[in-house]
Number of protein chains: 2
Amino acid sequence: MRLSTKGRYAVTAMLDLALNGQDGPVTLADISENQGISLSYLEQLFAALRAKKLVRGVRGPGGGYFLGREADEISIANIICAVDEWVEFTRCQGKQDCRGGQRCLTHSLWDDLSRQIYDFLEEITLADLVERGRNSDAGCHKHKDEDLLDEMTGKAA
Amino acid sequence: MRLSTKGRYAVTAMLDLALNGQDGPVTLADISENQGISLSYLEQLFAALRAKKLVRGVRGPGGGYFLGREADEISIANIICAVDEWVEFTRCQGKQDCRGGQRCLTHSLWDDLSRQIYDFLEEITLADLVERGRNSDAGCHKHKDEDLLDEMTGKAA
DNA sequence: TCAATTCCCTAGTAATTTACTAAGTTATAA
DNA sequence: TTATAACTTAGTAAATTACTAGGGAATTGA
């Protein structure tokens, strides 16, 4: 699978929508300013999100975007797939050097892992994230990520 | 977080090592041929893996690479972090438009999600994947991924 | 009806990343 | 001493990311 900054922008924007779309539509200009993403880039991302019916646009003054369905019906996997064209790209076609070949084995192991990650992200919805934000005092606590960074970047020998 | 084809190459190569490194070191030339990855690109990836002690190189004829530690001590997160320089890049520094600002809230929500994904990948080891390969007849079954693809790419309305 | 607003669409492009080629140097086994 | 294979650096084509520019189409309100 694939999880890039592009997917992050999309999730962030959708979160913004979920948080602010309660009373009326949210404009891309607002999201652009809120999240520090260029307006035109947002328009591209929302074209993809709209194509997958994850958002619904309303034109004209007072217009903007709504979520395309309830926040608990939109998974993180949905959002990332919409903008990142998550295609399966490792698939030996059953021919070639496939019998007993190592290549196919590792590929299918990767495919399994890829699927697991997908299933995991499929379980997390926008509503979950919003809920999480409500429970913590999330606004702007400085979290001590130094430990996390150490843990991530190595030394876990 | 970040999960790209580069990380996939690294995981695939490490899997190859785990599968074939039982009796003697594995050369990059072998992995290159097995997995269809260019030799020089592998050398770049292994430079990063070596820096994080995930692999150990042996020079000279009969040389090659070993895993740097036991397969059950190497997580998928370890591998991806080694080659993808997974840095936290969304962190409002507690200043700026942070009080009550939406930007910080969505950023911290994304950070939480990012951490969750990391924890998930941290739980899966190379040994797990190898074990999974042993249990299935994994060599080269054609799996019907069309359903999966449908599921991934939309229509989940 | 008209003007402002906002979504919507296309084309182009700088910056970055990916994946690779090329051309070496260094250590080691035979 | 020679072949092997790890190591290293530099350069580069292709793809992706993120953005700019310049429109058009629908809708609201004056």
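Order of the sequence lines sets the chain letters (A, B, ...), proteins ahead of strands, with each chain counted from 1.
Across the interface with DNA chain C, nearest-nucleotide mapping of Gly36(B) and Gly60(B) shows Gly36(B) to be the residue nearer the 5′ end. Projected onto DNA chain D by closest heavy-atom contact, Lys6(A) and Glu43(A) fall at different nucleotides, the more 5' of which corresponds to Lys6(A). DNA chain C is contacted by both Tyr9(B) and Gln44(A); Gln44(A) maps to the nucleotide lying nearer its 5′ end (nearest heavy atom per residue). In terms of position along DNA chain D, the nucleotide closest to Gly63(B) lies nearer the 5' end than the nucleotide closest to the other residue of the pair Pro61(A) and Gly63(B).
Proximity of Thr5(B) to the phosphate of dA19(C): a side-chain N or O atom is located under 4.0 Å from OP1 or OP2. For the OP1/OP2 pair of dC7(D) and a distance below 4.0 Å, the side-chain nitrogens and oxygens of Tyr65(B) include at least one atom meeting the criterion. Close to dC7(C), at under 4.0 Å from its OP1 or OP2, lies no side-chain N or O of Arg50(A). OP1 or OP2 of dA19(C) has not a single side-chain nitrogen or oxygen of Ser40(B) nearer than 4.0 Å.
Note on ring orientation: taking the six-membered ring where Trp is involved, the planes of Tyr41(A) and Tyr9(A) are perpendicular (angle over 60°, cut-offs 30° and 60°).
Rounded to a whole Å, the CG atom of Leu28(B) is 13 Å from the C1' atom of dT4(D). Per the geometry, CD1 belonging to Ile31(A) stands 12 Å off P belonging to dC8(C), to the nearest Å. As rounded to whole Å, 10 Å separates atom P of dA6(D) from atom CZ of Arg59(B). If you take CZ of Phe66(B) and P of dA6(D), they are 11 Å apart, rounded to a whole angstrom. For the pair Leu49(A) CG and dC7(C) P, the interatomic distance rounds to 13 Å; values are reported in whole Å. In this structure, Leu45(B) places its CG atom 11 Å from C1' of dC20(C), rounding to the nearest Å. Protein atom CD1 of Ile80(A) is 17 Å distant from nucleotide atom P of dT16(D), rounded to whole Å. Between the CZ atom of Arg8(B) and the C1' atom of dT17(C) there is a distance of 16 Å, given to the nearest Å.
Between Ile79(B) and Leu126(B) the shortest side-chain heavy-atom distance falls below 4.5 Å.
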(Q) Would Leu67(B) and Ile74(B) count as a side-chain contact (heavy atoms from CB on, under 4.5 Å) here? Give the steps. (A) CA-CA 9 Å; Leu67(B) 291 181; Ile74(B) 298 177; 4.2 Å; yes
Q: Assess whether side-chain contact (heavy atoms from CB on, under 4.5 Å) is satisfied between Leu129(A) and Ile76(A), documenting all intermediate values.
A: CA-CA 10 Å; Leu129(A) 293 184; Ile76(A) 305 305; 3.7 Å; yes
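Distance alone, capped at 3.5 Å, places no donor-acceptor pair between the Ser75(A) side chain and the Thr125(A) backbone.
Among the atoms of the strands shown, none is found under 4.0 Å from any heavy atom of Leu39(B). Looking at heavy-atom distances under 4.0 Å, Phe46(A) makes no contact with the nucleic acid at all. Residue contacts shown for Thr27(A) are limited to sugar-phosphate atoms, with no base heavy atom under 4.0 Å away.
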